[in-house]
Q: 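Got a structure here, written out as structure tokens. Questions coming.
Below, chain A is the first sequence line, B the second, and so on; all start at residue 1.
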Amino acid sequence: MAALLRSARLLRFSPSGSLQIVGTKRNGPPLSRLYGGAVGGRTTGPCTRQVACGVGTAPRHVWPSASSSSGTMRCYAVSTEQREAESSLGVRSKQAQQFDWALHKLDTSVKKTGRITRTQLLRIFHDICRTGYPSGNQALLLLRSCGSLMPEMAYAERTELAHRIWDKLQELGALYDSSHYNALLKVYLQNEFKFSPTTFLAKMEAANVAPNRVTYQRLIASYCQNGDIEGASTILGFMKSKDLPITEAVFNSLLTGHAKAGDMESAVNILPVMRGAGIEPGPDTYVALLTAYADKGDMENIKKTMETVEAADSSLMDRDLMQVIFSLAMAGHHQHIPELVECMRQERGFVPDAMNMCLSLITQGQDDTAFTILKTFPTLQADDVNSDSPNVGNFFLRHLVNMEKPVEKILDYCKDLQDANLHSSPLLFTLLCALEDKKTGFSYELMKAVKEQGLPLRPHFFWPLLVQPVKDRNPAGVLEVVKSMQEFGVAADLETVSRHILPAFPNMEAARQALEEVGCSLESESFVSAEIRLLATSDLAALYTTLSDPSFPPFDFRGSLKGSLVAGFKKSDNLEDMVKITEFLYNDPRFCRENSTPAEAVSFFLYNLINSMGEQDLRAQEEKLRKYFHKLKSQNIVISFNIYRGIRNILASFNVKSLIKDVLLLVDPSDTAALSLPRGVESKLLNLEKDLFQLKEEGKPGGAVFKQLLMLLCSEDQLERAMELKQEYEDQLDAGAYATLINTYCRHDNVEEAINLKTEMSRKDSSVVLDASKYLALVKILAKHGRMDEAVDMLKEMKENKVMLKEQNINTLFHVFNTLGAKGDIEGIRRLQDTVFTLGLTKPTSNLCSPLVTAYLENNDTPGALEAAMDCQKRFKQMPRIHDIVVALVEKGDTDLLQKAMDFVTQERGEMTMLYDLFFAFMHTARYREARKIIETPGLRARAGRLQWYAEKCIVNLQMEPLENMVELTAKLFECDRDEMYSYILRLCKETNNFQKAEATWTKMQEENVIPRERTLLLLADILKSNGQEVPFEVPEGIEPRGASDVLRRPSASSMIRGETWYADVSTKEEVQVLTEAPSSRMAVADPAPADPTRDRAGTNHTTRMLTLCKKKKAKEAYGLLKDADQKGVAVNAAAYDILIRSLMAAGSLEEAMQVKDMAVSRVSGFQLNDNANNLLILTHCKKGQTKEGMATLKSMLQADQVPSKLAIARLVQTLAQGPEADAAAIQEVASLTKALGSTLTVSSMLFPNNTALAHIRRGDVDSAVEVLEAVYTAPESLFPSMSYVFRKVLEENHDQALDKLSAMAERLANHFACYRPNTDLFLELFEMDKIEDAKFLLARCNAVAEQKSWMLSYVTKLSKKPGQVDKVKSLFSLFPDCTEKDSQNTYMMKCYDLDNDLASAKALHEQILKEGADLDELSLKRLAGLYRRAGVAIPYTEPPESFKFYAEKLKEKAETSRE
Amino acid sequence: MAATSGFKKVFELYVSKIPWTLANKEMREYFGQFGVVKRCLLPTDKETGFHKGFCWITYSAEESLSNALHTDPHVLEGAKLQVQRNRRHQFIPESTQKNKDSDEAL
């Protein structure tokens, strides 16, 4: 994420080594500049330097809001099945999600390739348009991408794209604020676009958007880019009059400006002027100077300047040098390039930066310079000899192909690459690119070269070229390729002919003829396969002869022939050959799929045969089929019971039951045994005491009853009775009983009794072993009472008995240590720690080691603490509490010891860890200058987790200063997620209600070119609003913060959507033409033509007002406005119609919506509802029960190549199932219609079967319903999806007959197929509806349900997300104590309490857990702490220090490992 | 059907990292050196006309399979193929479900 959220920034190098900083050598800039009045005084506006290669690369591999976004996504999926059509809300709530998605998409691209491609951006642009209501940050994201992030596009194209996006989004109702204008300026600068700054300002003013410091800075940069010092001075005057600080960025721009104006003297003179103003020239200043010299080709001064930089104890990064190289290349001074290339150090991040520069150079026609750079790339000496061959330059070759550079030149490069051993097969790779782009002519030229080099040309090389003509059913196009193949001497093989040539022709004959005409030798095989299909439907005898020929090639019978054979068998009366063919296929393994036997294939074929026949066919052919089955029987053909069942169901449903017995003949008799149903339910004993008494009366041993009772008594703390019972049943006491008792005494802190019991138990049977938690309970109590020897003995005994420690035991262990640590008992801890670790009871963890350090710190013995930590590291590879130690050392100013500590950390954990430790210690002690030096260490990259840790600390403690400093200091930190960083500040602003700071933060974000996420904007808006401030941007909709019913808007926000494209003023006419073209042919909404008279002022005014009304959900008023406008003859544009239609539909006003549509159709030629509007239309129809209309809309959508939404399809299918017609056939139709959409639309796999079944049920045909569902679960590849929906509906409607049959089915599936999903679904539905008795009964009949833990858990998970479900969760756990580990149950319970804000119960749970000697995981402890905090109660324990996310991850990891 | 088909032994390789220049024929030829190849499935992307870079090779004998598995590396026309035994698609409802659910739980 960081790649896009952070601005394109540089990893800055500070010259001095980090370690020396600890001492006295501090030559950083004065603190006042870091943090004084001049906001962003040091944050340079790197506009001038980012023209070529300002791309943030290789960000960290964490997508911060992935969990939350997937969460919402999941909710959304649920809503398709269950919720009411809150369509307009749906559209809006999708927006946040979509931003995340789009951002993620682009970010992944930047991660992978260091850039964004045009296709990617356009796709996202299109999707955003389709959803409608583009949000402010979506717009920002798109605009932001149109600059140097696309090195593969020419400058003009990029600007054009930015304008297109600007216009279109504005038309769709996006409201622009200063951040958008500033982003556009940035794009102009990066694309060297010439525009009039004054007009720009005027336009901003007209839109009532106030320019800010960043705007002025960029305008100055723009003047300077064109060498217009006068213009720059005007703006400078503005800034001065507004008392805005003049930053380094401004000086840098001025330097460039003078140079561009040809006045090098003044340019050089900027440096002393800067110093005079108290600003030291930074690397950016020097780059500006170097670039100026590069433009002149003044190598001497370049070298001099570089020496100056070195001497100034500063240094330039590769990226800076690339900038200079780029300028040299563009100015035509190629001879100097190698010298500068030499100077690059190839530091981290070099390759992606250099790649982007190469791409830019190629785009700018500087191919040779690009190649020079490419050759200096470090060859990746990946792992070892085994690694793949080198392939440096793929991106280079691909871009050459994209730009359609001359083939000869590409071939030269290929040769060079291969000769230099940089690439193993450059030519083939280039061909791949050409083929991927379907550049036919280009590909052929390359193929020629391939052939000349003696490399093989294969038939499949031509497939990519055949795809399109085949798709278009264009035989001529196909023949062209076939001809070329022949010219290359490549013969089309079977696959080529059958899959890539024939399908283009209307029939075999035509194909045969055409191919013969072009002289193509018909390869027999491909035609053979077509032939056998033909035979199957026409001449079974001939088919048999052909197939039984041993030379006949093997093929997949199911794939190639089955369909035809079914059709043939249905038609034919030739029983003899039918049987012969069946028998033949049954016995010959050549014709079946891998992983199945011919016998299976044939049984399945029989099933298909019957399945394909309707009732009429079956009745008509009953006799034939009977004979057929009998003959098969006599040929010893056997089918499985499953297949039989399938066939039986079909026959039964068509009431051709007389055939069933004939099919049964074919079933293997041994298979039928599966019919008997296993039963075995033990009744549960409830009244234990009574039962026990009875047993005693009968003179029988108490056994299990006694044990259960004992445990119950212990858990209820009825120790007295428990001991009585113990006396009474002394002889029956086993290890378990002892363990329970011991644990209970430990809990009661009764060390004597606990030890007694333990001794007694061992005496009775020395072989019995307690489990880990009981042992540890003993250790804990012994340690607590200072009986260390015994505690150590206990640990030793554990080792002897090979007791394994689980995670929760290790937590207990930690608490044992920590209790001692808090007491400062160093000796005690050491002894226990050593014992545990030397015995190897568990691995030493940082957590387990920390109490020892705590003990030293408690005693204020820092050197001791450091020693202890170092000792831990040496012995156990753990460095506990190092932050606290370093902080203590910094505070004490003990440089020697600090140096020692840092050396040690570096040696053990690497420099990066050391630097962060040091950084946070300096931050913690407010030594910001030192902290700055550290964070600017070359090569340091962002560690999100550590930064978050510190930020959270600041927020909790309400410390703005260190937080702001951290955000400031990390501005240039590599891979730092800037939005995240700024959102920390905003969170703290929110806590302290500091709106001024919040607003300043927003300006800073603009300066840094950071795109805020929606949640960041929301937070900001929230702070401003709650302080009665205006919000200067559009608040993201759908997820408005609580209490914000009236969204504040700029009074004249609407004035922004005005008139024609304003930047067109300064563009040429030609550009206007380009800009107003329809952005994409896929856009359903017709764009107004350039000369459209409707775009007059009145029209746009109306449009604006309408859109505003729509946004305020006053669709009807907007409609009135439109009618009014229409009467006056004022027309509005297509997008406005579209938005109004959607708003009306969202408000449920279908008729009005349709009227508007009619209006639109008559006013705008080619008007068509877009995807979203159509989806809403379907939903509206469904709401009104108009299924026919819904179907019609769906069909028209598909015809127009639009993608229906999941929600629309789900709702339509549900309405079809529920409507009076209960139209199963229509559901099938929808299924097949949408099937073609394939992966673009992933509706729940059960949507269709579930609803088909419901439709059948509603028509009273439960058997068909059963059949449909059964087919789902018995399908070979079934993933056992859920049919809860069906059960729920049936239960809701009290449809007993259906329920009976469905539960019979569920039971059948469970018993015969070990498929427990339906039963589990039923159980959970019963449970959900509080039909507990029924649920229990079901459980009694099907025990296996209890074992479907994952489904149970998934249900619990769902429950625990809603408030007020705690009783349900509890009750489920009581039914299935084994459904998950006890501690994980506690996690769920705690989650429920947290949600219900029920501190009392949560506290009780925690206490009970502690009493049981168990531990609560950290996540739950965090939740509990939150509860305490909300209740304003002090937290009685140490809250786990890390973040929620951290512990959630930890738990997840634990769950995963335990699963493995 | 699910209940009956899962038990048979299949000797199958899963080969990935196949360069685009190789096709079914080349794969069959190469893997044919370890034993009779019963089947070679190299799926093609219908939209692009390129294969997807992986294929399944089915042998009729276990020996062929282990021959192939014991050879390393498999280099064909300069490219190193990744070869592994094809894990039967065994359906365990927990495995897929559980991951998701326990994530949500937290």
Side-chain angles (χ1 to χ4, degrees), chain A residues 67 71 74 386 388-389 424-425 428 432 435-436 456 458-461 463-467 493 495 499-500 554 594-597 600 604 640 642-643 646 1274-1280 1312-1314 1317 1348-1351 1353-1354 1356-1358 1360-1361 1384 1387-1388 1391 1419 1448 1451-1452 1455-1456 1459, chain B residues 1-13 17 19-26 37-42 44-51 56-60 72-75 77-82 86 88-89 91-106:
Chain A
S67 59
R74 225 168 279 145
N386 278 341
D388 298 327
S389 16
S424 58
S425 52
L428 287 173
L432 171 69
L435 288 172
E436 276 177 347
R458 298 186 169 124
H460 72 277
F461 286 19
W463 293 357
L465 304 176
L466 285 164
V467 167
D493 58 358
E495 226 179 329
R499 300 204 1 226
H500 301 279
E594 38 67 71
N595 86 355
S596 81
T597 62
E600 274 166 23
F604 211 74
S640 73
N642 289 323
I643 295 286
T1274 51
E1277 69 282 10
S1278 176
L1279 293 170
F1280 302 130
H1312 297 186
F1313 297 91
R1317 183 75 203 221
Q1348 309 311 308
K1349 293 181 189 174
S1350 65
W1351 292 324
L1353 266 191
S1354 128
V1356 174
T1357 307
K1358 221 159 76 189
S1360 63
K1361 275 188 190 150
S1384 142
T1387 311
Y1388 281 110
K1391 194 176 172 193
L1419 186 69
L1451 262 190
K1452 205 159 80 186
E1456 264 155 26
R1459 216 173 296 130
Chain B
M1 286 196 156
T4 50
S5 59
F7 298 105
K8 232 171 340 88
K9 278 221 159 181
V10 185
F11 313 116
E12 197 167 72
L13 288 176
K17 297 200 171 168
W20 73 275
T21 46
L22 301 177
N24 204 306
K25 179 162 161 270
E26 287 75 32
V37 174
K38 200 163 95 182
R39 198 160 162 280
C40 166
L41 182 69
L42 175 68
T44 306
D45 184 322
K46 282 205 181 72
E47 290 298 314
T48 65
F50 289 97
H51 66 66
W56 290 276
I57 302 281
T58 316
Y59 288 111
S60 20
D72 187 67
H74 290 273
V75 179
E77 295 191 4
K80 189 170 167 261
L81 306 175
Q82 199 178 67
N86 188 31
R88 292 272 93 231
H89 178 74
F91 180 67
I92 309 152
E94 280 82 3
S95 65
T96 44
Q97 279 274 319
K98 206 164 187 174
N99 277 325
K100 273 188 206 154
D101 294 335
S102 46
D103 287 0
E104 279 177 41
L106 314 168

Q: Would the distance check show the side chain of A:H460 and the main-chain N or O of B:F50 forming a donor-acceptor pair, the cut-off being under 3.5 Å?
A: no

Q: Under 4.5 Å heavy-atom distance to chain B, tell me which part of A:L435 shows up: side chain, backbone, both or neither.
A: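 It is both, since atoms from each part get that close.
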
Q: Tell me whether the rings of B:W20 and A:F461 are parallel (<30°), tilted (30 to 60°) or perpendicular (>60°).
A: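 It falls in the tilted class, 30° to 60°.
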
Q: Can you give me the closest heavy-atom contact between A:W463 and B:G49, atom names plus distance?
A: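 Minimum heavy-atom separation between A:W463 and B:G49: CB-O, 3.3 Å.
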
Q: Is chain A contacted by the side chain of B:K46, its backbone, both, or neither, given a heavy-atom distance below 4.5 Å?
A: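 For B:K46, the contact with chain A is made by the backbone alone.
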
Q: By a 4.5 Å heavy-atom criterion (distance strictly below it), what part of B:E47 contacts chain A: side chain, backbone, both, or neither?
A: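 Interface part for B:E47: both.
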
Q: Please round to the nearest 0.5 Å and tell me the distance separating atom CZ of A:R458 and atom CD of B:E26.
A: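 That separation rounds to 3.5 Å.
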
Q: Please look at B:D45 and chain A and tell me whether the side chain, the backbone, both or neither of the residue comes under 4.5 angstrom of a heavy atom of that chain.
A: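 When you check distances to chain A, no heavy atom of B:D45 falls under 4.5 Å.
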
